[in-house]
Amino acid sequence: MILKTYKLYIGGKFPRTESGRYDILKTSRGAAVANICRGSRKDFREAVVAARSAAEKWGAASAFLRGQILYRMAEMLQGRASQFVQELELQGFTLRAASRNTEASIDRLVYYAGWADKFQQMFSSVNPVSSSHFNFSMCEPTGVVAVLAPGEGGLLGLVSCLAPVIVGGNTCTLLASQSTPLTAITFAEVLHGSDLPAGVVNILTGRRDELLEPFSTHMDVNAIVYCGSDSKERQETRFNAAGNVKRTVCRHLRDWYSPDAQSPYMIADTQEIKTTWHPIDT
Amino acid sequence: MSSLQTLSMTATPSAGVPDLSRVPCVDAVGIEERCSRFQTRSIKKESKVAGLKHVLSMIDLTTLEGQDTPGKVRQLCYKAQHLHDALPRIPHVAAVCVYPTLVRVAHKELEGSGIKVASVATAFPSGQASKKVKITDTKFAVSEGADEVDMVISRGEFHRGEYTYVFDEIAEVKQACGAAHLKVILETGELSTLDNVRRASVLAMHAGADFIKTSTGKIEPAATLQVALVMLQAIRDFYYETGRMVGMKPAGGISRAKLALHYLVMLRETLGQQWMTPRWYRFGASRLANDVLMQIVKEQTGRYQSLDYFSKD
């Protein structure tokens, strides 16, 4: 059997890592499954350039359109569900857990697709002020968001972190979990076929200890979503992110199926509140 | 000047017009091959920083828009002198390049800074105007204080085979320039073939060009490594033939620091160290400077940079 090479997803293309480095993913019994690109800081740099150039248009797309595209992603994922189940099994899931994980991922995309044109109403407000101004606050996307996907949680963990970021009009560069890179890249193939503009989502595989630093220091990244419980890594992320005052979100969930794992507040995590003072006649 | 004018009207070529049938043909495959080699040179760390600073010192910071205002030009001149004040010991750019009507503004702003004022002239960018208009345009730019004039050749006449006309026009504009340096824009994007680029380069150099320049930046494709290499080779052969050094200016489409370094490598390996100064080599660019600055800061801090933290020009 040929050992498939799972490539990166950057700017709507599937390039190999510029570093030429690969890791071999193995099953728990030690059988080789696939070649996984060991992405480098330069791959990340390219991904941020792609995300930045896609940011303006995606941020300006109508909420309705973004919802439609997320829904389309769910549809495409459903069409290839059996492949995801199979790949999750290769990555150590039981058949039952793999099916449940895939189904929940589809549901989660539909959930956030529904929120696309509704979260704005929840987090916006008209504010009482004691001058002759009409004063209101509303959400705007933060910009380019770097996401370190959770190590556990399979496809569901990834989708749960990705969907609230992009549905709010951000673009993102995501580092896949080291334990489930196959489903991350196959998910990129789903994104590729689902009307999502190139560069809105970029997915890298590689080692977190290598990539945490560029992810958190890059000056052109506006927010970072760190998923995990390692306190040293969290501290490093927060420290580095201070360099350009990135919005920093640290998330740790044991159970990605729990009701807490999906919420419009997760969309609000990567939104900026803009307040406008509009003079009026009294 | 009058003798040149008389000659151009007759059927016999003006004195000094090179015989373009003797210009060697360009080996297009060889050029491709050579250009791909330049892009494989690995330049890291200190050499990269040195190269980047070299690039900065060679930039002609350019604004050539119909919407340019004196305010915009003043801002650009400020940028030219203060590229990034957070960075100590970086060179200033070589020149600021504007339309003739804005030369006076730029000249005033840049007085005493060591930065030159370049002006496009001769009905830039199309070059579709009478010779008289072009000469007037050139003289106006010089009288306003331009140190350098960037002229466009008449591509239409060149394609018609009216080489003498093109030659005379360049020679007359050169005369109108007086002490100002003349850069001749070939607009390679409209010359179709590398052979034409080579011929136009030879023609311009014989007619008295101080610099030859690839493009106006208004036509795609603008500067490419391939045309730049052909022009550098023409400059090299002209130097062997006549002993006169001619400068080179690729312009348009060079917005990345890495690409600029490839151009420098090509320059070093084609013309040698002698040409590696702003006196003989320029980059015509508007966005390049910020990318170079970002790379220099990246080398210093180890952090990838964002345009948000660099001044717009």
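So that the names make sense, note that chain A is the first sequence line, chain B the second, and so on, each numbered from 1.
- In this structure, B:Arg256 places its CZ atom where only 12 or fewer heavy-atom neighbours from other residues, nucleotides or ligands lie under 6.0 Å away.
- More than 12 non-hydrogen atoms from other residues, nucleotides or ligands lie less than 6.0 angstrom from CZ of B:Arg279.
- Expressed to the nearest 0.5 Å, how far CE of A:Met219 lies from CE of B:Met294 amounts to 11.0 Å.
- By the 4.5 Å heavy-atom criterion applied to side chains, A:Val221 and B:Tyr304 are not counted as neighbours.
- No more than 12 heavy atoms of other residues, nucleotides or ligands lie within 6.0 Å of NZ in B:Lys258, so this atom counts as exposed by the packing criterion.
- In this structure, the separation between OG on B:Ser306 and CZ on A:Arg52 is 6.0 Å, given to the nearest 0.5 Å.
- In this structure, the portion of A:Val49 lying under 4.5 Å from any heavy atom of chain B is its side chain and not its backbone.
- Counting non-hydrogen atoms of neighbouring residues, nucleotides and ligands closer than 6.0 angstrom, the CD atom of A:Gln235 reaches no more than 12 such neighbours.
- The local environment of CD in A:Glu210 is crowded, with over 12 non-hydrogen atoms from other residues, nucleotides or ligands closer than 6.0 Å.
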Q: With side chain to side chain contact (heavy atoms under 4.5 Å, CB included) as the test, would you mind laying out the steps for A:Asn240 and B:Arg303 before giving the verdict?
A: CA-CA 10 Å; A:Asn240 288 340; B:Arg303 296 177 165 212; 4.1 Å; yes

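- Atom CD of B:Gln305 sits about 12.5 Å away from atom CZ of A:Arg45, to the nearest 0.5 Å.
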